[in-house]
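Just so you know, these numbers come straight off a predicted model, no measurement behind them. All ligand and atom numbering here is 1-based and tracks the order in the structure.
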Amino acid sequence: MAGKFFQEPGPELADRVPPGQHLAKGFPVLTYGDTPQVAQADWSLSITGLAQPKIFTWAEMMALPQVELTADFHCVTTWSKLDVTWRGVAVTDLMEQLVVEPEATHVMLHCYGGYTTNLTLSDFARPENFFAHTLEGEPLPAEHGGPMRLVVPHLYAWKSAKWINGVEFLAVPALGFWERNGYHERGEPWAEERYSDR
Ligand SMILES: Nc1nc2c(c(=O)[nH]1)N[C@H]1C(S)=C(S)[C@@H](COP(=O)(O)O)O[C@H]1N2
Ligand SMILES: [Mo]
């Protein structure tokens with residue numbers, strides 16, 4: 001499917017492109033519905049469910065350690081983008097600020113605009129996952145999830161919740177927006193966990 005929007009990976013990159021994926025030119029925008037416009041001053045992140053309730057403001061997030069991370073990005077609609085450079089707060093650093101109940105095994109991520117997506121706690125609390133506010137050295141544009149999105153590099157990009165505003169801790173599995181609409185519960189690109197057989 002080479003052409004205007006895709007290029008085939010050369011042999012040196014082939015082992016970084018999961019099966020059935022093609023390299024995108026540029027950085028496509030994939031949003032269901034409207035793009036929320038949220039100013040940094042109005043942004044916050046609510047911790048709910050099986051954890052001590054807490055709300056992080058923008059300033060409180062900026063006071064946590066800031067890390068840079070380069071990661072590949074794989075959309076289930078078959079485009080991938082390699083070496084995307086982000087800056088933000090590691091999920092593991094945020095977790096250190098939380099008191100999570102031992103029964104919690106799953107999380108639901110909530111976003112401005114109503115989008116949701118689910119993860120197991122172990123897929124969420126990984127050191128390479130983070131809340132990103134900077135893309136390629138610039139403030140994260142609204143269409144890519146600014147002012148703040150999650151980035152979960154090891155799963156398909158629908159797990160990388162844009163305009164994130166909540167993390168809900170759960171003791172049971174639950175399905176987010178795309179997962180209820182036929183996407184796989186986990187979405188691991190190397191296993192091609194694209195759609196569900198539920
Ligand atoms: N809130 C929200 N987050 C979202 C989406 C969305 O529609 N709403 N789309 C998902 C999908 S399917 C993908 S591929 C990536 C796309 O991110 P991008 O638009 O920055 O390329 O965001 C994910 N996060
Ligand atoms: Mo996607």
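- At a 4.0 Å heavy-atom cut-off, the residues surrounding ligand 1 are Phe27, Pro28, Val29, Leu30, Thr31, Tyr32, Phe73, Cys75, Trp79, Cys111, Tyr115, Glu143, His144, Arg149, Ala157, Trp158, Ser160, Ala161, Lys162, Trp163, listed by chain and number.
- One hydrophobic cluster, built from ILVMFWY side chains closer than 4.5 Å, cannot hold both Phe73 and Leu150; they sit in different ones.
- One finds a salt bridge joining Lys159 and Glu179 here, because a Lys/Arg side-chain nitrogen approaches an Asp/Glu carboxylate oxygen to under 4.0 Å.
- Distance alone, capped at 3.5 Å, places no donor-acceptor pair between the Gln40 side chain and the Met148 backbone.
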Report task. Start with the C-alpha gap between Tyr183 and Trp178, add the side-chain angles, then the distance that decides, and say whether ring pair (Phe, Tyr, Trp, His ring centres under 6.0 Å) holds. Result -> CA-CA 5 Å; Tyr183 283 15; Trp178 279 123; 4.7 Å; yes
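- Atom CZ of Phe27 is surrounded by more than 12 heavy atoms from other residues, nucleotides or ligands within 6.0 Å.
- Between Phe124 and Phe131, the ring-plane angle classifies as perpendicular under the 30° and 60° cut-offs.
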